[in-house]
Amino acid sequence: ATLSSWHYLAQCILLRLSGVRPKPFAKDQWKLRLSLILITAISPLASNLSLALNPVSTYQLFKLLQTPLLAVVEAATGFRALSYVRGLLMLGVSVGA
């Protein structure tokens with residue numbers, strides 16, 4: 001947790017120094033903001049719990065499949081389009097090709 005905190009702090013400082021400003025949320029997006037906070041807070045706990053309850057190979061498999069799963073969720077929700085090439089590359093990574 002300490003390393004993550006230092007990484008987050010350094011990232012915020014460097015982004016500010018580079019001139020990048022965060023895009024503000026609209027007032028009606030409080031549910032989105034709350035869900036992002038909860039997901040960010042719970043993800044390390046879920047990762048550690050997964051490692052504690054599963055063999056290392058299962059843990060590694062779940063970690064490997066996070067990126068393709070996220071791409072599929074983004075495509076399904078319409079948040080981001082999944083290109084044909086990107087889909088094939090993720091399929092190759094997922095099956096171990």
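FYI, the numbering just counts along the sequence from 1.
- Nearest heavy-atom pair across Ser35 and Leu32 is OG-O, 2.8 Å.
- Clustering ILVMFWY residues whenever any of their side-chain heavy atoms sit less than 4.5 angstrom apart, transitively, puts Trp6 in the very cluster that holds Leu17.
- In this structure, the side chains of Gln60 and Val56 come closer than 4.5 Å at one or more pairs of heavy atoms.
- One finds the CD atom of Gln11 at 10.5 Å from the CG atom of Leu9 (value rounded to the nearest 0.5 Å).
- Judged by distance alone, the side chain of Ser50 and the main-chain N or O of Ala46 form no donor-acceptor pair under 3.5 Å.
- Within the model, atoms OH of Tyr8 and OG1 of Thr40 stand 8.5 Å from one another, a figure rounded to the nearest 0.5 Å.
- No donor-acceptor distance shorter than 3.5 angstrom exists from the side chain of Thr58 to the backbone of Asn54, with no hydrogens or angles considered.
- Tyr59 places a side-chain heavy atom less than 4.5 Å from the side chain of Ser47.
- To the nearest 0.5 angstrom, Trp30 atom CH2 is 11.5 Å from Ile37 atom CD1.
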